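The block underneath contains the structure these notes are about, expressed in structure tokens.
Predicted model, so just to flag it, every value in this text is computed and none were measured. Just so you know, residue 1 is the first one in the sequence shown, and it goes up from there.
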Amino acid sequence: MGNCLTLNSTATAPLAIDTNFKLPSPLPSWPPGNGFASGTIDLGGLVVSQISSFTKVWATREGGQDNLGASFYEPSPLPDGFFMLGSYAQPNNQPLYGWTLVGKDTSSGALKLPIDYTLVWNSESLNIKKEGNGYIWSPVPPDGYKALGYIVTNSPDKPPLGKVHCVRAELTDQCEADTWIWGQGSSSNSSGINLFTSQPSSRGIQAQGVSVGTFVANISGATTPSLSCLKNNGNITLNMPNLDQIKALFEAYSPYIYFHPDEEYLPSSVNWFFCNGALLYHKGDNPVSIQPNGTNLPQGGSNDGEYWLDLPQDNAGKNRVKKGNLQNSEAYLHVKPMLGGTFTDIAVWLFYPFNGPARTKVGLVNIKLGRIGQHVGDWEHMTLRISNFNGELKMIYFSQHSGGTWVDASNLEFLTGNKPVGYSSLHGHAMYSKPGLVLQGSGGIGIRNDAAKSKMTMDAGLTYSIVAVEYLGARIIEPPWLNYARKWGPKIDYDINTELKDIEKVLVGKIKSDFKKFVDSLPAEILGEDGPTGPRTKNNWSGDEV
């Protein structure tokens, strides 16, 4: 933060309960059943509750995200019998939106007081705008217990031992840093202090790790006491929604998706694709038509190159199916437990018969890249993350090519009620939370991802199918196409130099050489036509989004 040092500001903010972000509409009354939205979750001897109201303790007013500083809070008020596990921190460039867990001992020994505190860091020598001084303390747990969060104070005096509780080691899991909150720089090896949100190191539909909502610190030149996450030693599906609750959740939060006004390649239902001439190829055999719901697709196995799907062979049918059919589009839902069953993830998958060619931006010039980037079959998704404590939508993951972005509910656009908005990018169909241009590259050169509003829209809640909810067992009949493990489009290799020769004719000097370097840096899957495999083969199917 060497470019943002100023004279100290020592005005201390009064302590008051700060209001957290609220969704546009009140939460509905969910259908009854199971432990979903009951307010608490039993982790096997430790009952936890999710608190979203806070008392501010201290704040910086510089550094961090957008150079706006960060604020530090305590969960308040606490339910009777529950104890604080750590402080909460977040950047000041967005509304107060977070939560922390508090715990209640139901096994006579799940919680214990710390035996002391270690001062991890203080702001006394930090010459930036701040509300007084802040002090970060690490609880020293008794033998057999773990600390789950730091305590932040605005006084150099140690906090009272009863301020926070430590948790028995068997109820904890390994933790890791996640999103940068505030500090000297976002990388973990930057000098000075850096604060990050924390998450369990192991995450997936069977992983037991539970996020606490506290933060971790990285301080150069110092050994920072390690913190742990919680572990659900009970049944991680006990607080998951039943089928009626899943339907009610999606009715409340089903996304509304805008397609770019110039989009030529729209989504369709899988069955529309099959019933309009899509073909199944088997190496060495003639192609065959695909039956409705994919009943004649090979099941299971692996992507061994023996089978693939393709468009109709005749040009008229090929061009028609490429365009998709928005009126016959459908959203496909995969519902799964996440973070030890404290959250429900609803992955909303869309199918596009064709992914259009890419466009690149080179300085002020926009260039169509011929066939580069196009392929038959395109699967994209958004994932809704919903709290199992109360059924509230907390964040959404927007998939973007081989990665994606989590966006907190406080930064989402909502259309009606609590229905969030997503934007599908032109030709490539990457998902974004806001319209605009995202350039996939650096130095002013990259693949364009353009998103904008148009009259072409999809309300995912109108036509959808719940295709997989593993924890409900046989109640959900999975469609055969879901268990097809091969490619949804053919692999076609072509001469990249031939594709680019006409483009390079209009470029000169440094722009031409920079463009060539950019093309050389593109991943192999972009430099040819190669259809994707289906949703079930993706790492996020049984794991977390990355």
Between the side chains of [X] and [Y], does any donor sit under 3.5 Å from an acceptor?
X	Y	result
His375	Asp530	no
His381	Glu545	yes
Tyr397	Thr405	no
Tyr332	Ser269	no
Ser254	Lys419	yes
Glu330	Ser465	yes
Asn328	Ser268	no

Checklist entry - Any Lys/Arg nitrogen of Arg203 or Asp544 sitting under 4.0 Å from an Asp/Glu carboxylate oxygen of the other? => result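 Yes, Arg203 and Asp544 are salt-bridged.
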Checklist entry - Less than 4.0 Å between a side-chain N and a carboxylate O, is that true for Glu74 and Lys56? => result no
Next on the checklist: Just to verify, which of Phe196, Tyr150, Tyr88 counts as forming a ring-ring contact (aromatic ring centres under 6.0 Å, His included) with Phe215?
Outcome noted: Tyr150
Checklist entry - With Trp379, which of Tyr484, Phe273, Trp481 fulfils ring-ring contact (aromatic ring centres under 6.0 Å, His included)? => result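 Running ring-ring contact (aromatic ring centres under 6.0 Å, His included) over Tyr484, Phe273, Trp481 with Trp379 returns exactly one hit, Trp481.
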Next on the checklist: side-chain contact (heavy atoms from CB on, under 4.5 Å), that's the test. Do Tyr97 and Gln90 meet it? Break it down for me.
Outcome noted: CA-CA 9 Å; Tyr97 64 86; Gln90 74 161 65; 3.3 Å; yes
Side-chain touch [X]/[Y], heavy atoms, less than 4.5 angstrom:
X	Y	answer
Lys112	Pro142	yes
Leu243	Ile466	yes
Tyr432	Ser399	no
Leu393	Arg385	no
Leu238	Phe36	no
Leu309	Val376	no

Checklist entry - Among Glu380, Met382, Lys538, which one satisfies side chain to side chain contact (heavy atoms under 4.5 Å, CB included) with Trp349? => result Lys538
What is the minimum heavy-atom distance between [X] and [Y], and which atoms define it?
X	Y	answer
Gly39	Ser49	O-OG, 3.3 Å
Ala110	Gly45	CB-O, 3.5 Å
Gly340	Val210	CA-CG2, 4.0 Å
Asn239	Thr40	ND2-O, 3.6 Å
Ile151	Tyr117	CG1-CE2, 4.1 Å
Ile236	Ala207	CD1-O, 4.1 Å

Treating [X] as the side-chain partner and [Y] as the backbone partner, does any N or O pair qualify as donor plus acceptor under 3.5 Å?
X	Y	answer
Asp105	Leu111	yes
Asn293	Thr295	no
Asn20	Ser52	yes
Lys487	Gly531	yes
Asn271	Pro292	no
Asn92	Leu68	yes
Arg486	Pro298	no
Asn233	Glu170	yes

Item to check | Residues His429, Asp378; criterion side chain to side chain donor-acceptor pair (under 3.5 Å); working and verdict | outcome: CA-CA 8 Å; His429 310 139; Asp378 188 23; 2.7 Å; yes
Item to check | Audit row: Phe250, Trp30, ring pair (Phe, Tyr, Trp, His ring centres under 6.0 Å) steps and yes/no | outcome: CA-CA 11 Å; Phe250 200 63; Trp30 306 114; over 10 Å; no
Checklist entry - Between Phe354 and Tyr265, does the ring centroid distance fall short of 6.0 Å? => result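 That pair passes the under 6.0 Å test.
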Item to check | side chain to side chain donor-acceptor pair (under 3.5 Å) evaluation trace for Ser198 with Glu176 | outcome: CA-CA 6 Å; Ser198 64; Glu176 67 182 21; over 6 Å; no
Item to check | Evaluation steps, side-chain contact (heavy atoms from CB on, under 4.5 Å), between Met395 and Val407 | outcome: CA-CA 5 Å; Met395 57 181 63; Val407 178; over 6 Å; no
Item to check | Residues Thr237, Asn235; criterion side chain to side chain donor-acceptor pair (under 3.5 Å); working and verdict | outcome: CA-CA 5 Å; Thr237 68; Asn235 182 350; 2.8 Å; yes
Next on the checklist: Under the criterion ring pair (Phe, Tyr, Trp, His ring centres under 6.0 Å), I'd like the reasoning laid out for Tyr423 against Tyr258: C-alpha separation, chi angles, the key distance, then a yes or no.
Outcome noted: CA-CA 5 Å; Tyr423 293 84; Tyr258 285 102; 5.4 Å; yes
Heavy-atom count around [X] [atom1] within 6.0 Å, excluding the residue itself: above 12?
X	atom1	value
Glu478	CD	yes
Asn539	CG	no
Gln206	CD	no

Checklist entry - side-chain contact (heavy atoms from CB on, under 4.5 Å) between His427 and Glu263: does it pass, once the steps are laid out? => result CA-CA 6 Å; His427 285 188; Glu263 184 59 76; 3.6 Å; yes
Next on the checklist: Tell me whether the rings of Trp99 and Phe343 are parallel (<30°), tilted (30 to 60°) or perpendicular (>60°).
Outcome noted: tilted
Checklist entry - Where does the angle between the aromatic ring planes of Trp182 and Phe72 fall among parallel (under 30°), tilted (30 to 60°) and perpendicular (over 60°)? => result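 Aromatic pair Trp182/Phe72 classed perpendicular.
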Checklist entry - Who pairs with Asn411 by side-chain hydrogen bond (donor to acceptor under 3.5 Å, both in side chains), at least two apart in sequence or on another chain? => result Gln94
Item to check | side-chain hydrogen bond (donor to acceptor under 3.5 Å, both in side chains) involving Thr537 - partner list, sequence neighbours excluded | outcome: Thr533
Item to check | Candidate pair Thr416 and Tyr256, rule side-chain contact (heavy atoms from CB on, under 4.5 Å), full reasoning | outcome: CA-CA 9 Å; Thr416 57; Tyr256 193 85; over 6 Å; no
Item to check | Straight-line distance of Tyr464 OH to Ile346 CD1, nearest 0.5 Å | outcome: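 Reported value, rounded in 0.5 Å steps: 9.0 Å.
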Item to check | CA sep, side-chain torsions, deciding dist, call: Asn388, Thr342, side chain to side chain donor-acceptor pair (under 3.5 Å) | outcome: CA-CA 5 Å; Asn388 287 346; Thr342 56; over 6 Å; no
Checklist entry - How would you list all residue pairs meeting salt bridge (Lys or Arg N to Asp or Glu O under 4.0 Å) that involve residues 401-414, not counting sequence neighbours? => result Glu413-Lys453
